[in-house]
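Below: the structure, in structure tokens.
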Amino acid sequence: QVQLEESGGGLVQTGDSLNVSCVGYGRAFSLYDIRWFRQAPGKEREYVATINWNGDTADYGDSFKGRFTISRDNRKNTVDLQMNNLKPEDTAKYYCAARFYSASDFNYWGPGTQVTVSS
């Protein structure tokens, strides 16, 4: 199992960039796929991006392709989400979740980090 914690959120202006990070605490972090979600108050949870256990493949939700970039450093047990050209509608709490490579579900979640984009 693994514990997750997000960091790097904050208040930015429209057009700014921001990097949020997910750090894993536990054994064999390199064997977990990591997925980013976000959720704004009163809105449905939204899929953002996924990176596989060894970093060879990445996937993005349609709204984020070309603007967000997911990456990982397994030596540091971290997964980053680089967000560019931020918009007010990007305001949300951003969560990372982990799935052991042979498991079916993303069973481990962090507490989230808040990103707020002002006009």
Side-chain angles (χ1 to χ4, degrees):
Q1 62 179 24
V2 64
Q3 292 180 259
L4 305 176
E5 184 175 6
E6 303 90 343
S7 64
L11 176 63
V12 298
Q13 297 181 24
T14 297
D16 284 354
S17 296
L18 191 67
N19 184 81
V20 292
S21 295
C22 174
V23 61
Y25 300 95
R27 298 181 182 275
F29 177 79
S30 62
L31 296 181
Y32 288 85
D33 303 322
I34 303 295
R35 177 167 288 175
W36 283 97
F37 298 89
R38 72 182 189 186
Q39 189 167 26
K43 302 288 183 64
E44 295 289 326
R45 186 174 64 195
E46 186 177 14
Y47 167 70
V48 177
T50 306
I51 190 165
N52 78 325
W53 59 276
N54 65 4
D56 283 345
T57 60
D59 178 79
Y60 300 90
D62 289 341
S63 299
F64 312 103
K65 293 178 180 177
R67 193 163 63 94
F68 287 11
T69 302
I70 190 170
S71 62
R72 72 188 299 162
D73 185 346
N74 285 337
R75 297 176 302 171
K76 300 179 180 179
N77 280 12
T78 57
V79 173
D80 287 358
L81 182 70
Q82 177 66 39
M83 303 180 289
N84 297 324
N85 192 25
L86 286 164
K87 307 170 184 178
E89 51 263 42
D90 294 319
T91 295
K93 198 166 189 178
Y94 285 73
Y95 300 87
C96 62
R99 175 182 65 194
F100 192 68
Y101 79 99
S102 61
S104 60
D105 298 324
F106 286 84
N107 291 321
Y108 307 98
W109 290 73
T113 186
Q114 178 67 38
V115 173
T116 302
V117 185
S118 64
S119 301

Which atom of Tyr47 lies closest to which atom of Arg35, heavy atoms considered: CE1-NE, 3.3 Å
Chi angles and distances behind the side-chain contact (heavy atoms from CB on, under 4.5 Å) call for Gln114, Thr91: CA-CA 8 Å; Gln114 178 67 38; Thr91 295; 4.0 Å; yes
Residue pair Tyr32 / Ala28: nearest heavy atoms and the distance that separates them: CD1-O, 3.1 Å
Cys96 SG to Ile34 CD1 distance, which is reported to the nearest 0.5 Å: 6.5 Å
Nearest non-hydrogen partners of Asn85 and Arg67, listed with the distance: O-NH1, 3.1 Å
Spacing of Leu81 atom CG and Ser21 atom OG [to the nearest 0.5 Å]: 9.0 Å
Closest approach of Thr113 to Gly9 (non-hydrogen atoms, all atoms of both residues): OG1-N, 3.0 Å
Common cluster, Val48/Trp109, ILVMFWY with side-chain heavy-atom separation under 4.5 Å: no
Hydrophobic cluster membership, Phe106 vs Trp36, 4.5 Å side-chain cutoff: no
Approximate separation, where rounding is to 0.5 Å, of Asn52 CG and Leu31 CG: 11.0 Å
Atom CD of Glu89: over 12 foreign heavy atoms under 6.0 Å: yes
CG-SG distance between Asn77 and Cys22, expressed to the nearest 0.5 angstrom: 10.0 Å
Non-hydrogen side-chain atoms of Asn107 and Phe100 separated by less than 4.5 Å: no
Validation row: Met83, Asp90 side chains within 4.5 angstrom (heavy atoms): no
Distance (rounded to the nearest 0.5 Å) between Thr116 OG1 and Lys93 NZ: 11.0 Å
Contact summary for Tyr108 and Val2, nearest pair of heavy atoms: CD2-O, 3.4 Å
Separation of Phe68 CZ from Asp80 CG (nearest 0.5 Å): 13.5 Å
Verdict with reasoning, Thr50 to Ile70, per side-chain contact (heavy atoms from CB on, under 4.5 Å): CA-CA 7 Å; Thr50 306; Ile70 190 170; 5.6 Å; no
Non-hydrogen atoms of Ala92 and Ala40 that approach each other most closely: CB-N, 3.9 Å
Donor-acceptor under 3.5 Å (Thr14 side chain, Lys87 main chain): no
CD (Gln1) with more than 12 external heavy atoms under 6.0 Å: no
Val12 reachable from Tyr94 in the ILVMFWY side-chain graph, under 4.5 Å edges: yes
Path from Ile51 to Phe37 over hydrophobic side-chain contacts below 4.5 Å: no
Parallel, tilted or perpendicular: rings of Trp53 and Tyr101 (30°, 60°): tilted
Evaluation steps, side-chain contact (heavy atoms from CB on, under 4.5 Å), between Arg45 and Tyr95: CA-CA 10 Å; Arg45 186 174 64 195; Tyr95 300 87; 5.8 Å; no
